[in-house]
Number of protein chains: 2
Amino acid sequence: MGLSQTDLDKVDGLVQVRRSVKRGDHVFRSGESFHALYAVRAGFFMTSSLTEDGRDQVTGFQMAGELLGMDGIGSGKHACDAVALEDSELCVIPFPTFEELSLQIPALQQHMHRVMSREIVRDHGVMMLLGSMRAEERLAAFLMNLSQRYSARGFSANEFILRMTREAIGSYLGLKLETVSRLFSKLQEDGIITVNQKRVSITNVARLRSLVNPRPY
Amino acid sequence: MGLSQTDLDKVDGLVQVRRSVKRGDHVFRSGESFHALYAVRAGFFMTSSLTEDGRDQVTGFQMAGELLGMDGIGSGKHACDAVALEDSELCVIPFPTFEELSLQIPALQQHMHRVMSREIVRDHGVMMLLGSMRAEERLAAFLMNLSQRYSARGFSANEFILRMTREAIGSYLGLKLETVSRLFSKLQEDGIITVNQKRVSITNVARLRSLVNPRPY
DNA sequence: CGCCAACTTGATGGCTGTCAAGTCAGGTGG
DNA sequence: CCACCTGACTTGACAGCCATCAAGTTGGCG
């Protein structure tokens with residue numbers, strides 16, 4: 001990011017607190033007061049919001065390098081739950097300290113703006129997925145997205161473990177778990193992926209990609 | 001926001017450029033390079049994104065006091081189209097200048113973080129709407145939201161003009177325009193609203209509200 | 001080894017999309 | 001001023017996708 005050594009030291013000081021979480025642990029819960037952002041160092045997380053009547057909606061899955069907790073800045077209270085889907089490690093970023101520091105380091109402020117902006121754009125992508133795609137297309141887009149993100153982190157793009165349940169995938173994609181399960185089976189029958197419980201391999205990336213935008217007109 | 005007079009003067013300087021737009025005008029288009037944020041002074045706007053295959057998804061409706069363009073910060077290019085739905089007026093906020101200024105004025109930086117955070121939370125609300133509500137519930141939630149926002153701006157909470165078409169509402173809610181039209185008719189038959197083209201009155205707020213979370217279990 | 005959560009698969013139904021045929025309102029030009 | 005035209009909207013008939021309900025099956029963990 002083009003920081004001076006002094007600035008780097010300051011940022012280092014900011015993120016000194018680490019936190020380990022086990023699978024199933026909550027990082028924070030909806031309604032808790034907001035104090036810090038959390039950078040995922042390693043592992044896999046999921047965020048979800050609850051409606052008043054008890055239904056919940058998975059709003060995202062976070063991997064190494066991604067940020068948790070930005071929902072809490074606006075109101076001072078977290079607006080969703082964040083749960084670890086495997087044993088994971090976080091950097092705790094106390095937010096008041098962070099804000100002070102980013103007054104001194106322009107690049108840090110800019111970085112924060114970009115990260116939040118990208119989160120907004122990502123959310124718009126999900127809205128598009130939920131609003132205008134059919135079930136198979138949604139699942140294909142989801143798998144392509146996971147593949148791309150694993151790949152960017154040095155893992156295999158074509159073979160990975162789904163850390164979340166079918167129900168969580170369904171919630172994220174606006175589908176029921178049975179539908180997700182059926183679609184996995186269908187994609188397997190079609191020779192596009194092989195699925196064995198949580199283990200997925202993409203055997204035909206081109207066809208999977210072609211499912212994502214199926215109606216060129 | 002608790003700013004000193006000097007700070008207020010600086011912020012005043014920042015937002016000096018105004019821009020009038022007529023109904024149908026674009027504020028910016030997807031792909032254009034990002035230079036400024038736009039604060040809605042008066043009027044009504046809509047943002048939408050296009051998939052590669054031509055379908056588009058309305059991602060939001062913006063009223064006075066709300067901000068357009070935050071999607072562009074992350075990549076330096078706008079990620080959606082912003083269109084005026086009536087003759088409107090904007091403040092242009094050149095973003096580089098804004099970032100410099102918010103290094104000097106802590107309250108300004110904090111404000112920006114809060115605004116972006118709230119946008120993220122709002123988007124999560126839409127994801128919840130799209131992912132877990134049925135059609136009638138979505139429309140009810142949409143009307144309640146509009147009502148609340150009009151009310152907050154000093155307009156009637158129970159009677160307003162829909163600035164957008166049925167198609168735009170449908171796109172936003174993940175429904176087809178025919179479905180939206182049918183639902184308006186149904187809500188009218190049920191005595192909850194009266195609709196006449198773009199004019200809507202809410203005649204039974206309690207019942208409308210009760211449609212939003214219909215399954216207490 | 002047994003239990004339980006997660007998952008798969010089948011049968012059925014209903015919500016919402018699709019296609020089609022109008023109706024209405026507002027704007028334009030004669 | 002009126003006829004016309006066009007985009008927006010409404011309504012009906014029908015179909016299909018996905019939810020729902022139900023009954024297993026599998027795998028992980030104590």
Side-chain angles (χ1 to χ4, degrees), chain A residues 22-24 44 46 55-58 83 85-87 129-143 161-190 193-200 211 214-215 217, chain B residues 22-24 44 46 55-58 83 85-87 129-143 161-190 193-200 211 214-215 217:
Chain A
K22 294 241 163 281
R23 182 155 70 93
F44 204 103
M46 164 175 107
R55 287 172 287 177
D56 77 346
Q57 170 73 30
V58 172
V83 187
L85 295 180
E86 61 182 1
D87 295 355
L129 180 147
L130 291 170
S132 70
M133 293 184 183
R134 352 188 94 240
E136 191 179 52
E137 202 178 347
R138 293 183 203 182
L139 187 61
F142 174 70
L143 290 173
I161 307 285
L162 298 170
R163 299 296 174 181
M164 70 296 285
T165 65
R166 302 286 189 265
E167 187 174 16
I169 298 174
S171 171
Y172 184 62
L173 300 178
L175 303 170
K176 291 293 152 184
L177 68 93
E178 296 93 328
T179 305
V180 173
S181 180
R182 267 184 254 275
L183 287 172
F184 274 127
S185 303
K186 179 176 185 303
L187 290 181
Q188 181 160 240
E189 281 167 30
D190 294 351
I193 63 175
T194 62
V195 199
N196 200 308
Q197 300 288 113
K198 306 265 190 195
R199 173 167 275 107
V200 173
L211 287 179
R215 314 179 204 172
Y217 59 104
Chain B
K22 294 242 164 280
R23 182 154 71 93
F44 204 104
M46 164 176 108
R55 287 172 287 176
D56 78 347
Q57 171 74 30
V58 172
V83 188
L85 295 181
E86 60 182 3
D87 295 355
L129 182 146
L130 292 169
S132 70
M133 294 184 184
R134 351 188 92 240
E136 191 179 54
E137 203 178 347
R138 294 184 201 182
L139 187 63
F142 174 70
L143 290 174
I161 306 284
L162 298 170
R163 298 296 173 183
M164 71 296 285
T165 66
R166 301 288 189 264
E167 187 173 17
I169 297 173
S171 171
Y172 184 62
L173 299 179
L175 303 169
K176 291 292 153 185
L177 69 92
E178 294 94 327
T179 304
V180 173
S181 181
R182 267 184 254 275
L183 287 172
F184 274 128
S185 303
K186 179 175 184 306
L187 291 181
Q188 180 160 241
E189 280 167 30
D190 293 351
I193 63 174
T194 62
V195 199
N196 201 309
Q197 300 289 114
K198 305 264 189 194
R199 173 167 276 108
V200 174
L211 287 179
R215 312 180 206 171
Y217 61 104

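Sequence lines set the chain letters: A, B, ... in the order given, protein chains first and strands last, and positions in each chain run from 1.
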Base, backbone or nothing for each nucleotide of nucleotides 3-10 of chain C, written B, S, -, heavy atoms under 4.0 angstrom, 5' to 3'?
-> ----SBBB

Grab the CD1-C1' distance between A:Ile161 and D:dG27 for me, whole Å please.
-> 14 Å

Spacing between B:Ile169 atom CD1 and D:dC9 atom C1', to the nearest angstrom | 11 Å

Taking atom P of C:dC15 as reference, at what distance in whole Å does atom CG of B:Leu175 sit?
-> 14 Å

What is the distance, rounded to the nearest whole Å, between atom CG of B:Leu139 and atom P of C:dC15?
-> 16 Å

Test side-chain contact (heavy atoms from CB on, under 4.5 Å), reference B:Phe142, set B:Leu173, B:Val180, B:Leu129, output is B:Leu173

Checking side chain to side chain contact (heavy atoms under 4.5 Å, CB included) for the pair A:Ile161/A:Phe44: CA distance, chi angles, key distance, verdict?
-> CA-CA 11 Å; A:Ile161 307 285; A:Phe44 204 103; over 6 Å; no

Nearest heavy atoms of B:Ala140 and B:Leu211, plus distance in Å = CB-CB, 3.8 Å

Using atom CD of B:Gln188 as one end and atom C1' of D:dC9 as the other, report the distance to the nearest whole Å.
-> 13 Å

Find the distance A:Lys186:NZ to D:dC17:C1' and express it as a whole number of Å.
-> 13 Å

Separation of atom NZ in B:Lys176 from atom P in D:dA8, rounded to whole Å | 16 Å

Is any side-chain N of the basic residue among B:Arg55 and A:Glu137 closer than 4.0 Å to the acidic one's carboxylate O?
-> yes

Base, sugar-phosphate, or nothing: which does B:Gly174 touch, judged by heavy atoms less than 4.0 Å apart?
-> sugar-phosphate

Length of the line joining B:Glu137:CD and C:dC15:C1', which is rounded to integer Å | 14 Å

Side chains of B:Phe184 and B:Arg166 in contact at under 4.5 Å (non-hydrogen atoms) | yes

Considering residues, nucleotides and ligands other than A:Glu178, do more than 12 of their heavy atoms fall under 6.0 Å from its CD?
-> yes

